[in-house]
Each structure stands twice: as structure tokens, then as C-alpha cells.
Trainee: 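Got a structure for you, questions after.
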Amino acid sequence: MAMSVLQIRLEEDLKNEVSALFDRLGMDIPTAVRIFFKRAVAERGLPFEVREASSLVADKDAKEFLAALQSLNEQAVKNGVAGMSEEEIEAEIKAARAERRARKARLLKDA
């Protein structure tokens with residue numbers, strides 16, 4: 001299949017950010033652009049929602065929320081509690097509450 005060259009101009013900071021992002025995802029910029037083009041063709045349009053600029057605040061909030069979730073997930077992995085079922089979480093909470101009540105009762109008894 002014949003290949004074509006595509007050139008685009010963009011701010012160097014944006015290029016560096018996107019290059020680092022795609023590197024973390026295991027691809028380079030040309031691969032990411034090919035994926036974008038293939039998705040656009042498959043969806044017969046842009047493969048994402050296009051919104052007004054006023055939604056940028058919501059996007060910033062969403063990014064902060066996702067960053068907080070990522071941080072919590074990393075802490076869960078570090079503490080060995082990632083992947084717990086709802087029942088296991090409920091049991092942990094119940095045990096912690098029981099321990100807190102027992103500690104409080106001991107303090108009242110000793111007072």
C-alpha cells in the first residue's frame with residue numbers, strides 16, 4: 001500500500017506532553033495518529049465528543065478526580081487492599097468499628 005507523509009505544526013510544549021503520554025502508553029506519535037484516523041473512519045466522525053470551551057472547567061475537575069482515584073488505587077495496592085470485594089470491605093469496616101468500640105469501652109472502664 002502506498003504511504004503518504006503528513007506534517008502538522010503544534011506548540012512544542014504540547015508535542016512534548018503528548019509524546020510523553022503516548023510513550024507511557026507504549027506508542028509513538030505516528031502510531032497514535034494512525035489509531036485516531038482509523039477510529040475516525042470507523043465511527044465516520046471524530047472518535048470523541050466535541051464541546052464548547054466552557055466545559056474545560058469540568059474537564060479540569062474530571063482530571064483532578066481521576067488523579068485522586070489513581071492516587072487512592074496506588075495506596076490500596078501499596079497497602080495490600082486492592083481488589084477487595086464489597087463483602088471484604090464491609091467486614092473490614094465492621095471489624096474496625098468493633099475495635100474502636102472496644103477501645104472506647106476499655107478507656108471508660110479505666111477512667
Trainee: Mind checking whether Arg39 and Leu46 have side chains closer than 4.5 Å, heavy atoms only?
Mentor: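 Not in contact.
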Trainee: Starting from the C-alpha separation in whole Å, work towards a yes-or-no answer on side chain to side chain contact (heavy atoms under 4.5 Å, CB included) for Gln70 and Glu74.
Mentor: CA-CA 6 Å; Gln70 178 65 31; Glu74 290 169 0; 3.1 Å; yes
Trainee: Please give the remaining members of the hydrophobic cluster of Leu108, linking ILVMFWY side chains under 4.5 Å, ordered by chain and number.
Mentor: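 Leu108 shares its hydrophobic cluster with no other residue.
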Trainee: Assigning hydrophobic clusters by single linkage (Ile, Leu, Val, Met, Phe, Trp, Tyr; side-chain heavy-atom cutoff under 4.5 Å), is Ile35 placed with Phe48?
Mentor: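 The answer is yes; both residues are in one hydrophobic cluster.
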Trainee: To the nearest 0.5 Å, how far apart are NZ in Lys15 and CD1 in Ile8?
Mentor: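 Answer rounded to 0.5 Å: 10.0 Å.
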Trainee: Evaluate whether atom CD of Glu86 has more than 12 neighbouring non-hydrogen atoms of other residues, nucleotides or ligands under 6.0 angstrom away.
Mentor: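 Counting other residues, nucleotides and ligands, CD of Glu86 stays at 12 neighbours or fewer.
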Trainee: Let's go through Phe37 and Leu6 carefully: what are the C-alpha distance in whole Å and the side-chain angles of both, what is the deciding distance for side chain to side chain contact (heavy atoms under 4.5 Å, CB included) to 0.1 Å, and is it a yes or a no?
Mentor: CA-CA 12 Å; Phe37 286 173; Leu6 172 69; 3.7 Å; yes
Trainee: Which residues pass the side-chain hydrogen bond (donor to acceptor under 3.5 Å, both in side chains) test with Glu17, not counting sequence neighbours?
Mentor: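 Scan of Glu17 (side-chain hydrogen bond (donor to acceptor under 3.5 Å, both in side chains), adjacent residues dropped) gives none.
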Trainee: So which residues get pulled into Leu66's cluster when ILVMFWY side chains under 4.5 Å apart are joined, directly or through others?
Mentor: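 Leu66 shares its hydrophobic cluster with Phe65, Leu69.
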Trainee: Using side-chain contact (heavy atoms from CB on, under 4.5 Å) as the criterion, list what pairs up with Ser19, not counting sequence neighbours.
Mentor: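 Residues passing side-chain contact (heavy atoms from CB on, under 4.5 Å) with Ser19: Ile29.
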Trainee: Show your working on side chain to side chain contact (heavy atoms under 4.5 Å, CB included) between Arg100 and Arg97 and close with a plain yes or no.
Mentor: CA-CA 5 Å; Arg100 187 173 56 210; Arg97 287 179 178 161; 3.8 Å; yes
Trainee: State the CG-CG distance between Asp23 and Asn16, to the nearest 0.5 angstrom.
Mentor: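 Rounded to the nearest 0.5 Å, the CG-CG separation comes out at 12.0 Å.
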Trainee: Can a salt bridge be assigned to the pair Arg106 and Glu99 using a cut-off of 4.0 Å between side-chain N and carboxylate O?
Mentor: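 Yes, charged N to carboxylate O under 4.0 Å.
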Trainee: Which value, rounded to the nearest 0.5 Å, describes the distance between Met27 atom CE and Leu21 atom CG?
Mentor: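 Between atom CE of Met27 and atom CG of Leu21 there are 8.5 Å.
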Trainee: If you count heavy atoms of other groups shown closer than 6.0 angstrom to CD of Glu64, is the number above 12?
Mentor: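 Yes - once you tally the heavy atoms of other residues, nucleotides and ligands closer than 6.0 Å, there are more than 12.
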Trainee: Who passes side-chain contact (heavy atoms from CB on, under 4.5 Å) against Leu72, sequence neighbours left out?
Mentor: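 If we apply the side-chain contact (heavy atoms from CB on, under 4.5 Å) test to Leu72, skipping adjacent residues, the hits are Gln75.
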Trainee: Check which hydrophobic residues are tied to Val5 through side-chain heavy-atom contacts below 4.5 Å, counting indirect links as well, and list them.
Mentor: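 In the cluster with Val5 there is nothing else; it is isolated.
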